[in-house]
Amino acid sequence: MTSLLVHNIGSLVTNDPALGDGPLGLLRDAAVVVDGGRVAWVGASADAPAADASHDAAGRAVIPGFVDSHAHLVFAGDRTAEFAARMGGQAYAAGGIRTTVAATRAASDEELAANLDRLVAEAARQGTTLIECKSGYGLTVDDEARALRLAHRVTDEVTYLGAHVVAPEYADDPAGYVDLVTGPMLDACAPHARWVDVFCERGAFDGDQARAILTAGMARGLTPRVHANQLGHGPGVQLAVELGAASADHCTHLTDADVDALANSDTVATLLPGAEFSTRAVYPDARRLLDAGATVALSTDCNPGSSFTTSVPFCIAVAVRDMRMTPDEAVWSATAGGARALRRTDVGVLTPGARADLVELDAPSHVHLAYRPGVPLVRTVWRAGEVVAGG
Ligand SMILES: [Zn+2]
């Protein structure tokens, strides 16, 4: 493998305050040397050491690759009509997931893998270099295990979400479904996953059921993360903090006690504005969380029902416009914040030793990600030092 010098970077986000200005560790007229898939050197362009190859950024901005810590990419089928109906005035309810479950069960491995690969490539073209991927559209022992095996083809950040919604076969026996999720399904899925997740919400799983599901997963070595407080107030956030979850995801409807709990914990508040956008719901209040001292991540929640976007830049623009985040905060949350939500220290930063996940923007500053909404600004994407988009 040859080393690469990316030089003449107008504005470099490192996310290391020791390397540059502010929380983003911003450097002007900077350069990065990549070697062996890792960042080998960061500093002033004028001081950069030689490398085997070079890339002239011509004054453009470079940021760490986006870490999308919440996505549902193993599915089949299409819910265009449901979206159109919702935009025509119908309310969103958790039960729509069952439509995708039927299509996913009927799909072949090849069909699911092709859709998954297409979405991962689509995300990469928009600057995402690490994406988490959940099961949750199989809801049988075999279909959930299959989803996790497929997810493992594209990421190490694989999440067992057998508790996405009660399987249709158990509509009259939710307790029986919880027994399945914490028993035979967990046995089949735990070897393929790093995380356990539950949709803790009215219409899905209540606090007691969610606790049983998460603690069963933890007993098998999985680390919890929770879909919490998306559609209304509920026990999800408090449960996530109590169990030491890496992340409480959505956090749209929070009490002051929920905000305090997040602020005084290591549990990241992962905000998913694509879901509120696509369900025409009220956005989470990022400013309230940030001012309280909580760590905030920003992710897509890519799924065919409530947030069918792979675009982190879109989420950044919405977060700045409608969730009272500054552009700096939104970019940090979509990179370093996502890494925190996945408990990763090797991504979301551009410091020596980090994985060489870089995004060159067709813009002089990362602020343009919010300033120029909807514009395809991602020019070149390197994952572990290899060009995966543009270039
Ligand atoms: Zn989700």
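Whatever order the structure lists ligands and atoms in, that order sets their numbers, starting from 1.
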Would you find a donor on one side and an acceptor on the other, under 3.5 Å apart, between the side chain of Asp197 and the backbone of Thr159?
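No, the answer is negative, given that no donor and acceptor are paired below the 3.5 Å cut-off.
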
| Phe75 vs Phe308 aromatic rings, parallel, tilted or perpendicular, using cut-offs 30° and 60°? | perpendicular

How is the N/O/S atom of [X] that comes nearest to the Zn ion (ligand 1) named?
X      : value
His70  : NE2
Asp301 : OD1
His227 : NE2

Cys133 and its side chain to side chain contact (heavy atoms under 4.5 Å, CB included) partner, picked from Leu148, Leu116, Val158
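Option passing the side chain to side chain contact (heavy atoms under 4.5 Å, CB included) with Cys133: Leu116.
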
Under a 3.5 Å threshold, yes or no: a donor from one side chain and an acceptor from the other, between Asp16 and Thr14? no

